[in-house]
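Step one of this worksheet: look at the structure below.
Here is how names work: the chains are called A, B, and so on, in the same order as the sequence lines, proteins then strands, and each is numbered from 1. All of these numbers come straight from a predicted model, not from anything done at the bench.
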Amino acid sequence: MNDELEALLRDHYRAAADHVTADPGTVRRFQDAGRSAVPEPRSRWRWAFPALAAAVTAAVLVTIAMFLWPGGGRPATPRPMGPPASPSVPGPELPTEPPTARPSPAPTRGTGGRVTPPGRSTPEPSRTTRMPGTATPMPGGKAPRPTTSPVPGGRPPAAVSPTPS
Amino acid sequence: MSAQEIRGAEITFDEFVTATAGRLLRTAVFLVYDRHLAEDLLQVAYERVARKWKRVSGGNPEAYARRVLVNLAIDENRRRARRRDTPVGTVADVERLAGPPPAAGVAGGDLDEVLRALPAKQRAVVVLRYWCDLGEQEIADTLGISRGTVKSHTARAMAALREHMKEGRA
């Protein structure tokens, strides 16, 4: 049954194939379609010139931008950082050691006392804080007395009880 | 289709088309049962072969063209089956889609009706097996499926044809 069916199918296709032929016009149409589907070699380089021009333009623009940039494209010369200016000791010397080895100008808590390096001035913590005892010239030649005296231990002064007179 | 397949190494694309157009056109007609559609599909297949001619010509360009053609035909058959209810286009197109007459030159008959009614892949397997004389592995390579799937498609198609033959004898 299967062989018979296979033979029938083969005969059927063979008989039908005689009626289907590709005429020269159809073959030419296929050839033309194939030829037109292949991109011409010239068209492959079609975008070469515009792409090259775009690349050159971009390179020129980048170069010009680098020269016009502040600094002219060169890195800024490194300047050493000096210690904060102290009004009490004029003429601070430039540090010879790296900045990390410099003592911190801010007073640190917890240390009993600071060791001042010999030959160096003690930097003032802040220029705005008014230290007790610093005299401010007043008209009349009198120096104003401090209203409060620093108490050791940081405690505020005891309140003065009024004495009956 | 016992003619020797064209090897592309020593021929140009035009010579390849001249040598294979008849065979591939018949294959296309048996796949879609529509002469005009078959020509259109074969033209698309030739265009794809031409685009890859340098790479394909060294091997077996006819097998490549056949693979493209068969897959185009399967896609087209599926598309037509999906749009059977709503045909669009000119009057001639509608008649072509709806009308039972087979493609010009194809011998009509009950067997054609049964072959036309087969699902796209089953029909493709039958055409490749009994018209192109391909083996199971070649059919599997052409359709991009496994040998087991080829066997099952063949068995189902043959069962449908056998059923038809029984009915014809009864």
Does the B/E47 side chain pair with the main chain of A/A37, one donor and one acceptor, at a distance under 3.5 Å?
no
I'd like to know if the side chain of A/T26 pairs up with that of B/Q43 as donor and acceptor (distance under 3.5 Å, no hydrogens or angles considered).
no
Could you tell me which non-hydrogen atom of B/R35 sits nearest to which non-hydrogen atom of A/T21, and how far apart they are?
NH2-O, 2.8 Å
From B/T27 atom OG1 to A/Y13 atom OH, the distance as rounded to the nearest 0.5 Å:
10.0 Å
Among all residues two or more places apart in sequence or in another chain, which pass the salt bridge (charged side-chain N to carboxylate O under 4.0 Å, His left out) test with B/R129?
none
If you compare all heavy atoms of B/F13 against all heavy atoms of A/Q31, which two are closest, and at what distance to 0.1 Å?
CE2-O, 4.2 Å
Atom pair CH2 (B/W131) and CZ (A/R10), whose distance is rounded to the nearest 0.5 Å
12.0 Å
Give me the atom names and distance for the closest heavy-atom approach of A/A17 to B/F30.
N-CZ, 3.8 Å
Heavy-atom side-chain contact between B/Y130 and A/E6 under 4.5 Å
yes
When clusters are formed by joining ILVMFWY residues with side-chain heavy atoms under 4.5 Å apart, either directly or through shared neighbours, do A/V60 and A/L68 land in the same one?
yes
Of all heavy-atom pairs linking A/R35 and B/D14, the shortest is NH2-OD2, 2.8 Å
Check whether more than 12 heavy atoms from other residues, nucleotides or ligands sit under 6.0 Å from atom CZ of A/R28, and answer yes or no.
no
Which bit of B/V127 comes within less than 4.5 Å of chain A, counting heavy atoms only: side chain, backbone, both or neither?
both
Smallest heavy-atom separation, B/A50 atom then A/V38 atom, equals O-CG2, 3.2 Å
Which bit of B/V126 comes within less than 4.5 Å of chain A, counting heavy atoms only: side chain, backbone, both or neither?
both
To the nearest 0.5 angstrom, please state how far the CZ atom of B/R162 sits from the CD atom of A/E4.
11.0 Å
Kindly compute the distance separating CZ (B/F16) from CZ (A/F30), expressed to the nearest 0.5 Å.
11.5 Å
When B/A45, B/A38, B/A21 are compared by non-hydrogen pairs under 4.5 Å with chain A, the top option:
B/A21
Nearest 0.5 Å, please: how far is CG in A/L5 from NE2 in B/H164?
9.5 Å
